[in-house]
There are 2 protein chains.
Amino acid sequence: MATIYDVAKKAGVSPKTVSRVLNGDAPVNEKTREAVHAAMAELNYIPSSAARSMRSQKSGLIGMITGAISASPSAAEAIGLPEIFLVQGVQRVLAENGMTLLISDTGGHRDRVPTLIKTLLEHRVEGLIYVAEWHQEVDFAGLLGGRHAVLVNCFDSHGTPSVVPDDEGGQHALVSALVARGHRRIAFLTLPESLVARGLRLAGYRRALGEAGIAYDDDLVVTAAISDPAHEFDYLWDALDRVLNLDPKPTVICCANDKMAMRVYALLRDRGLKVGEDISVAGYDDYRIITEHIDPALTSAELPYAAMGMRGAEKLMRLIGGTTRPNEPLKELVSGPLAWRHSVKDLKETVTSFKTRRRDL
Amino acid sequence: MATIYDVAKKAGVSPKTVSRVLNGDAPVNEKTREAVHAAMAELNYIPSSAARSMRSQKSGLIGMITGAISASPSAAEAIGLPEIFLVQGVQRVLAENGMTLLISDTGGHRDRVPTLIKTLLEHRVEGLIYVAEWHQEVDFAGLLGGRHAVLVNCFDSHGTPSVVPDDEGGQHALVSALVARGHRRIAFLTLPESLVARGLRLAGYRRALGEAGIAYDDDLVVTAAISDPAHEFDYLWDALDRVLNLDPKPTVICCANDKMAMRVYALLRDRGLKVGEDISVAGYDDYRIITEHIDPALTSAELPYAAMGMRGAEKLMRLIGGTTRPNEPLKELVSGPLAWRHSVKDLKETVTSFKTRRRDL
DNA sequence: CGGTGTCGTGACATCGGTGTCATAACGCCG
DNA sequence: CGGCGTTATGACACCGATGTCACGACACCG
């Protein structure tokens with residue numbers, strides 16, 4: 001590799017002058033500049049960021065630690081996938097700020113995190129982003145080596161800045177929209193009790209009902225997913241059966257996520273019920289490969305991964321730049337849009353044209 | 001940050017001795033070593049890889065360029081997603097080799113690649129991995145700055161080492177398995193003609209038929225997907241209609257991918273056909289979030305993303321280490337397993353138990 | 001007991017940039 | 001015409017590691 005000395009010699013100037021041309025931090029004579037540029041082009045010169053960062057103490061690197069990329073080796077399909085949009089969001093913001101992303105992956109082993117952080121610190125990352133596989137509380141304070149850090153899709157109790165999805169708001173928006181279409185008996189098949197998202201979504205559900213003056217009915221809310229990915233939906237049939245046997249029946253089934261909704265479609269079909277006509281279904285996550293291609297297309301609340309990534313990266317940039325806004329919240333809630341599709345019937349619409357529906361798909 | 005000099009001073013030795021303790025490249029007295037370790041721990045010392053790589057000319061970094069992470073900004077759902085497993089595979093191998101992954105993303109803009117490569121070269125990556133969004137031919141020779149590089153999910157005509165999916169083999173295995181279950185009229189709804197994978201899969205389809213002594217019937221093969229993601233499946237209804245009206249009818253529909261199969265499920269249901277009983281369906285990709293949760297579960301050929309990532313990274317490690325195997329192929333084909341599920345009926349089985357099917361789901 | 005080899009250690013240069021300071025040429029002001 | 005500010009450039013040290021070489025202390029050999 002050519003060095004700045006090679007360029008200097010070829011252009012007949014001092015290395016420092018080449019440096020000035022590179023960084024534009026001091027005036028350089030037009031002719032000199034051209035000579036330097038020519039020399040750089042000819043030698044195919046690319047400055048070494050290692051050398052530069054040694055002197056300037058700035059690496060231009062941001063480290064990201066995640067288990068979101070490598071789903072756990074055993075449960076390959078369990079987690080993962082849409083979280084990639086999160087990486088994308090982070091990447092986009094960093095690129096705009098001239099930063100490069102260093103990625104480390106836990107491979108599903110949380111206990112590797114200290115080692116990974118150490119590697120990132122060796123590269124003198126200017127900031128760290130930890131991304132969790134799902135909305136949860138974590139505890140890494142102390143490991144961070146004093147670096148600026150942001151938690152994404154998770155939070156801690158040590159005051160580390162974080163960015164989390166607005167689960168409460170998302171479920172609230174979804175249920176409110178259902179109510180607006182005339183639904184009043186809204187079943188809710190929830191996530192396992194251990195998950196943070198479950199509590200928040202349930203709160204959103206209750207708030208939406210409350211605002212509409214609908215009494216909360218405990219029978220309509222059933223835990224339908226199990227934490228163990230191998231048995232995730234083992235109780236789904238039973239959970240659905242319970243809410244369908246209620247009197248009065250629910251007119252819509254809110255599912256904890258789109259995968260569950262996909263299963264519910266099949267179970268409802270087995271019972272002779274047509275989704276979107278005899279009964280409505282809504283999901284969560286807006287995992288488009290499901291929601292847009294299933295029939296009928298699934299109404300869902302988007303879990304805003306890309307936006308969380310961007311918000312997290314922006315927050316980190318502000319931390320590093322010392323431009324944190326005066327009243328910037330420590331924990332940022334990120335909302336996602338509602339994707340309204342044909343799986344939910346509008347009970348206030350007088351006529352439903354079957355033909356229209358099918359063609360829209 | 002503490003430096004090696006700080007540690008040396010605190011331990012009462014020379015920096016070089018600290019270096020020796022760190023790298024274990026020369027004998028150090030037991031007591032000295034302990035003193036150094038104590039000093040490092042106390043100062044929370046983490047060596048600077050920038051300084052180290054300057055001296056040793058080794059960065060310990062591998063650069064990856066991809067559009068697979070950021071699906072194109074417009075067609076958010078079009079590409080992407082499972083390709084993340086590819087990143088996972090790469091990561092895993094690199095971690096085993098003590099390398100760190102630098103990720104750059106095109107954000108869907110192919111013309112950013114030169115800039116991204118330049119950034120990676122500034123960080124003196126020891127090797128480059130280019131990952132394409134789908135199996136295709138590319139042309140980056142010349143941009144690579146003489147660095148070791150491997151193309152994944154793509155190839156070029158300049159002799160750059162590459163790793164690609166065995167599309168021909170995958171489709172061949174799938175169709176052979178169908179034939180083994182007694183299917184002889186096998187419809188094939190294919191990808192757009194422009195795609196490399198289409199030709200390969202078609203070849204695999206034909207080879208499987210040939211081996212079984214089944215004549216190739218042009219009418220059974222219909223292009224059913226369009227390149228424009230906004231209109232991807234606009235012709236699907238028509239394509240399916242054509243093959244279903246053939247005489248004799250096909251007993252199984254091979255779809256170009258799982259998304260298409262999902263659509264086909266709905267279209268078949270509209271026609272009153274029960275998938276897995278009246279007619280069989282197979283997909284491609286084995287995108288598990290679809291294949292395992294749809295009803296009936298979808299038979300599919302896996303597009304082995306994780307394996308491709310690992311193979312690509314391993315190839316790169318061998319290139320860098322100069323341990324390329326004597327007869328190592330320039331272009332490696334990666335095969336994936338067949339995921340056999342209930343969407344395909346076994347025509348050689350006398351009785352099909354409906355109850356069993358449903359419970360298995 | 002002198003020669004040779006291994007162990008244990010440090011001085012010093014070096015990797016490729018950039019910060020600091022010095023210097024020279026030039027134009028402008030009073 | 002002397003003093004001063006600006007422009008343009010270079011000499012030199014330094015960032016934090018490691019490679020090279022040298023040196024002293026022993027142990028072992030003949």
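Chain letters run A, B, ... following the sequence lines, proteins first and then strands; every chain starts at 1. What's counted below: heavy atoms across the whole structure, side chains too, no hydrogens, waters or symmetry copies.
- When rounded to the nearest whole Å, the span between CZ of B/Arg52 and P of C/dG16 equals 18 Å.
- One atom, NZ of B/Lys9, and another, C1' of D/dG16, lie 14 Å apart when rounded to the nearest Å.
- Both A/Val18 and B/Ala51 lie near DNA chain C, and the one whose nearest nucleotide falls closer to the 5' end is B/Ala51.
- A/Arg325 and A/Glu332 are not joined by a salt bridge, as no carboxylate oxygen comes within less than 4.0 angstrom of a charged side-chain nitrogen.
- Of the inter-residue distances, the one linking A/Thr324 atom OG1 with A/Arg318 atom CZ reads 7.0 Å to the nearest 0.5 angstrom.
- Summary of helix geometry: the two end axes of the helix from C/dC1-D/dG30 to C/dG30-D/dC1, each defined by five base pairs via their C1' atoms, are inclined to each other by 50° (rounded to 10°).
- Interatomic distance, B/Leu143 CG to B/Thr115 OG1, rounded to the nearest 0.5 Å: 10.0 Å.
- Protein atom CD of A/Gln57 is 10 Å distant from nucleotide atom P of D/dA17, rounded to whole Å.
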Contact letters for nucleotides 9-14 of chain D, in which S counts primed atoms plus P, OP1 and OP2 and B counts the base, heavy atoms under 4.0 Å: BBB-BB
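- Within the 4.0 Å cut-off from OP1 or OP2 of C/dG17, not a single side-chain nitrogen or oxygen of A/Ser19 is found.
- Under the 30°/60° scheme for interplanar angles, the aromatic rings of A/Tyr130 and A/Phe140 are found to be tilted.
- Considering CD1 of B/Ile65 and OG1 of B/Thr106, their distance stands at 9.0 Å, rounded to 0.5 Å.
- Distance A/Met1 CE to C/dG17 C1': 14 Å, rounded to the nearest Å.
- Residue B/Thr3 is in sugar-phosphate contact alone, with no base atom involved, counting any heavy-atom pair closer than 4.0 Å across all strands shown.
- The heavy-atom pair separating B/Val21 from B/Arg33 by the smallest distance is CG1-CG, 4.0 Å.
- Residues A/Ser162 and A/Leu330 have side chains not in contact (no heavy-atom distance under 4.5 Å, counting atoms from C-beta outward).
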Full working for side chain to side chain contact (heavy atoms under 4.5 Å, CB included) between A/Glu126 and A/Lys58: CA-CA 7 Å; A/Glu126 294 178 42; A/Lys58 286 188 181 170; 3.8 Å; yes
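- Nearest-nucleotide positions on DNA chain D for B/Met54 and B/Asp25 put B/Met54 closer to the 5' end.
- Nucleotide D/dG16 holds its C1' atom 10 Å from the CG atom of B/Asp6, rounded to whole Å.
- Applying the side-chain contact (heavy atoms from CB on, under 4.5 Å) rule to B/Ala2 yields the partners B/Asp6, B/Leu43, B/Tyr45; only residues at least two apart in sequence or on another chain are considered.
- Following rounding to the nearest Å, B/Leu43 (CG) and D/dG16 (P) show an atom-to-atom distance of 13 Å.
- With rounding to whole Å, A/Tyr45 atom OH is found 7 Å from C/dG16 atom C1'.
- When rounded to the nearest whole Å, the span between CD1 of A/Ile4 and C1' of C/dT18 equals 8 Å.
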